[in-house]
Asker: 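The structure's right below; bear with me while I get my questions together.
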Amino acid sequence: MTAVDGQETQAQLASAASSEVIIELNEVNKWFGSFHVLKDINLTVHKGERIVVCGPSGSGKSTLIRCINRLEEHQRGDIVVDGIILDKNLKNIDHIRSEVGMVFQSFNLFPHLSIIENLTLGPIWVRKVPKAEARDIAMSYLERVKIPEQAEKYPGQLSGGQQQRVAIARSLCMNPKIMLFDEPTSALDPEMIKEVLDVMVELATTGMTMIVVTHEMGFAKTIADRVIFMDEGDIVEQNEPNEFFNNPKSDRTKLFLSQILTH
Amino acid sequence: MSIVKYKKTAPRDAPLSETTFIGWLQKNLFSSWVNTILTIISLYIVYAVVKSLWFWGIQDAVWVAENRRECFAISKHGACWAGVLIWLDNIFYGRFPRDELWRVNLGGLLLVLWMAPLWLPRVKDKIFIGLSTVFLYPFLAGYLFAGGDKGIFMQVMVSGAIVCLAGNTLHSILGVMSGRGLPEVLIGILRKENASDGNQRNTLLVILAVAYVIAYALQTSWSVMAVPWSKWGGMHLTLVISGIGITSALPGGIVLALGRRSRLPVIRVLSVSFIEIFRSVPLITVLFMATTMFPLFMPEGFVLNKLVQVIIAVCLFSACYMAETVRAGLQAIPKGQYEAAHTIGLGYWGMMSLIVMPQALKHMIPNIVGSFIGLLKDTTLVSIIGLFDLLGMLRAISQDIPWRGLHHEPLIFGAALYFVVCFVMSKYSRHLEVKLSAGGER
């Protein structure tokens with residue numbers, strides 16, 4: 001699927017990435033108990049770069065991006081985000097988390113708060129923005145995701161697609177430097193996938209650094225600077241999207257692509 | 001093959017068994033021979049019980065008499081409510097000096113006044129009102145009940161409570177009338193609507209300070225005579241003990257539950273052992289321990305009165321039970337909520353107080369009210385260690401010379417009293433549960 005007119009977007013998207021490194025993973029290893037889920041991961045992400053991570057389930061792609069804001073703790077190797085090494089220092093972790101937005105498969109909106117309260121909570125309590133100002137920021141982002149009229153409702157009253165767009169707006173309200181998306185469209189009905197992808201494409205045109213775990217290959221072709229294929233804890237192959245889809249190098253990639261592209 | 005129905009089917013009346021009372025009776029009570037026999041037997045039992053209760057408790061009962069002998073003289077087979085009625089003041093207030101009863105009543109009235117805004121529509125900042133009830137009301141009520149010399153600490157707290165009560169009441173009246181809060185109105189009166197946040201806050205703080213000084217000056221000239229704790233009793237004492245137990249159980253329980261889920265092993269082990277020790281021992285044991293063992297651990301010359309010891313024991317005991325309730329509530333919150341709170345940069349305390357606890361508390365309301373009811377009933381145990389709570393007072397009636405041997409009537413009266421209080425509480429909790437889950441919030 002193409003979420004927006006392909007050519008135009010490609011033109012807007014060109015050369016968004018700079019040479020400044022914003023995330024660096026160096027020989028990162030992680031185990032869940034005795035299960036080795038990430039194996040010697042090396043990854044460098046530049047500012048403004050848009051990366052799509054794909055791979056079969058259980059390949060460690062979600063774990064990879066969850067390590068970047070330390071929702072998961074890695075055991076070996078270094079992760080440097082925005083110049084700060086992720087270690088046991090809680091202050092650093094809280095700081096990194098406020099700089100890195102994350103969107104989940106299951107939205108994870110706060111059900112006891114209205115939409116506008118969901119959006120202003122972070123700015124008010126973490127960034128110490130005055131309430132009125134936080135409200136203005138929140139409304140501007142709600143307009144960007146095209147649901148300003150839902151501001152006073154509660155998450156339970158919204159459709160899945162609307163909830164996910166609120167979740168994106170909630171992350172953006174913190175004015176993050178990096179956005180992580182963990183299968184943002186996997187829990188949605190087909191007609192709602194488009195509205196969420198539209199918002200993400202629009203976000204990509206603003207030059208946001210994005211790492212997206214997704215199975216939406218059309219989306220990957222449209223916006224990605226780089227596609228990463230993971231399998232069994234390895235980064236098997238990474239390439240720019242055209243090469244990746246048309247000319248995969250490894251057998252594992254070929255097998256995976258043949259499985260998902262036949263439908 | 002095609003099956004087509006061209007005409008619309010018009011709705012017809014439901015059969016009589018669905019709409020009439022007779023139909024309902026037949027369907028639910030007399031549907032078969034066995035059911036009919038069961039229904040008739042049950043009705044007979046109900047009739048027999050109600051009839052004998054009616055004759056004993058009301059028809060043949062004696063309401064006015066000087067003593068039990070007179071009761072017997074008037075009616076041999078009826079209840080002797082006269083004894084209960086004459087002791088009514090004792091049942092509610094214990095041996096509190098009769099001239100000072102207004103203090104107990106005023107204390108109750110203030111509590112109602114303080115908490116009423118929580119149920120009023122359009123009042124803002126209800127959380128603050130609730131917290132101030134928990135943290136300031138006890139000092140005001142405590143002084144009203146105990147009286148005597150106010151130490152400097154009591155003076156400070158009592159003035160704070162007075163300011164807070166006045167502020168709350170004004171705030172709620174304004175809220176109900178205009179939908180605006182007290183701070184908003186004050187800022188409006190002083191024409192500072194356009195000032196910066198900091199300026200507005202400072203103005204409000206100055207007003208608060210002035211109000212506090214006035215309250216402090218007023219309360220210095222006000223004092224009531226001391227009533228020793230040993231004079232407290234009856235329903236009043238029951239409510240004091242269970243009230244303090246209940247209000248301290250929730251914060252205590254939250255702290256213990258968080259400790260139990262802590263990632264730091266030392267805190268976790270300490271919390272778990274504390275909770276498990278208190279939960280595996282009956283309350284009566286804890287009460288005996290508190291009154292007999294506790295003084296042994298205290299330094300020489302340090303004397304706590306029995307009431308304080310009992311209250312501490314009840315608080316610890318109920319906090320441990322509450323901790324388990326809170327833990328269950330916390331476990332009902334999905335992991336994604338914690339992660340979402342983390343990803344917007346909230347630290348542990350922000351996450352707990354803004355995201356997790358508000359949701360968990362909502363899940364816990366039925367259980368919390370359940371343990372409150374349990375605690376209210378459990379406090380009857382203090383009568384065993386020599387405090388004259390409601391039960392203690394009821395049993396004392398049979399020791400009173402004119403009413404010697406009058407056991408049944410006071411206990412039945414007490415049971416009815418407890419039933420009313422507990423039943424109202426549990427009905428209200430049910431109502432709250434329905435209201436919160438139907439609030440369109442999930």
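These numbers come from the heavy atoms of this one structure, side chains and all, not from hydrogens, waters or symmetry mates. Convention: sequence-line order gives letters A, B, ...; per-chain numbering from 1. Computed from a predicted structure; not experimentally measured.
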Asker: Got more than 12 heavy atoms from elsewhere within 6.0 Å of CZ, B/Arg261?
Answerer: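 Atom CZ in B/Arg261 is crowded, with more than 12 foreign heavy atoms closer than 6.0 Å.
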Asker: Classify the angle between the aromatic ring planes of A/His36 and A/Trp31 as parallel (below 30°), tilted (30 to 60°) or perpendicular (above 60°).
Answerer: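 Parallel: the ring planes of A/His36 and A/Trp31 meet at under 30°.
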Asker: Tell me, for A/Arg66 versus chain B, whether the close heavy atoms (under 4.5 Å) come from the side chain, the backbone, both or neither.
Answerer: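 Interface part for A/Arg66: side chain.
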Asker: Please determine, among A/Val103, A/Val126, A/Leu180, the option with the most heavy-atom pairs under 4.5 Å with chain B.
Answerer: A/Val126
Asker: Could you tell me whether B/Phe135 atom CZ has more than 12 heavy atoms of other residues or ligands within 6.0 Å of it?
Answerer: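 At most 12 heavy atoms, drawn from other residues, nucleotides or ligands, come within 6.0 Å of this atom.
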Asker: Against chain B, label A/Asp94 side chain, backbone, both or neither, depending on which of its atoms sit under 4.5 Å from a heavy atom there.
Answerer: both
Asker: Please name the pair of heavy atoms, one in A/Pro176 and one in A/Met208, separated by the smallest distance, quoted to 0.1 Å.
Answerer: O-CE, 3.6 Å
Asker: For A/Phe104, is it the side chain, the backbone, both or neither that has a heavy atom under 4.5 Å from a heavy atom of chain B?
Answerer: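 Contact with chain B involves the side chain of A/Phe104 alone.
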Asker: Are A/Glu24 and A/Thr44 side-chain neighbours, meaning at least one heavy-atom pair lies under 4.5 Å?
Answerer: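 A/Glu24 vs A/Thr44: side chains touch.
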Asker: Counting only heavy atoms closer than 4.5 Å, note whether A/Leu109 contacts chain B via side chain, backbone, both or neither.
Answerer: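 Looking at A/Leu109, just its backbone touches chain B.
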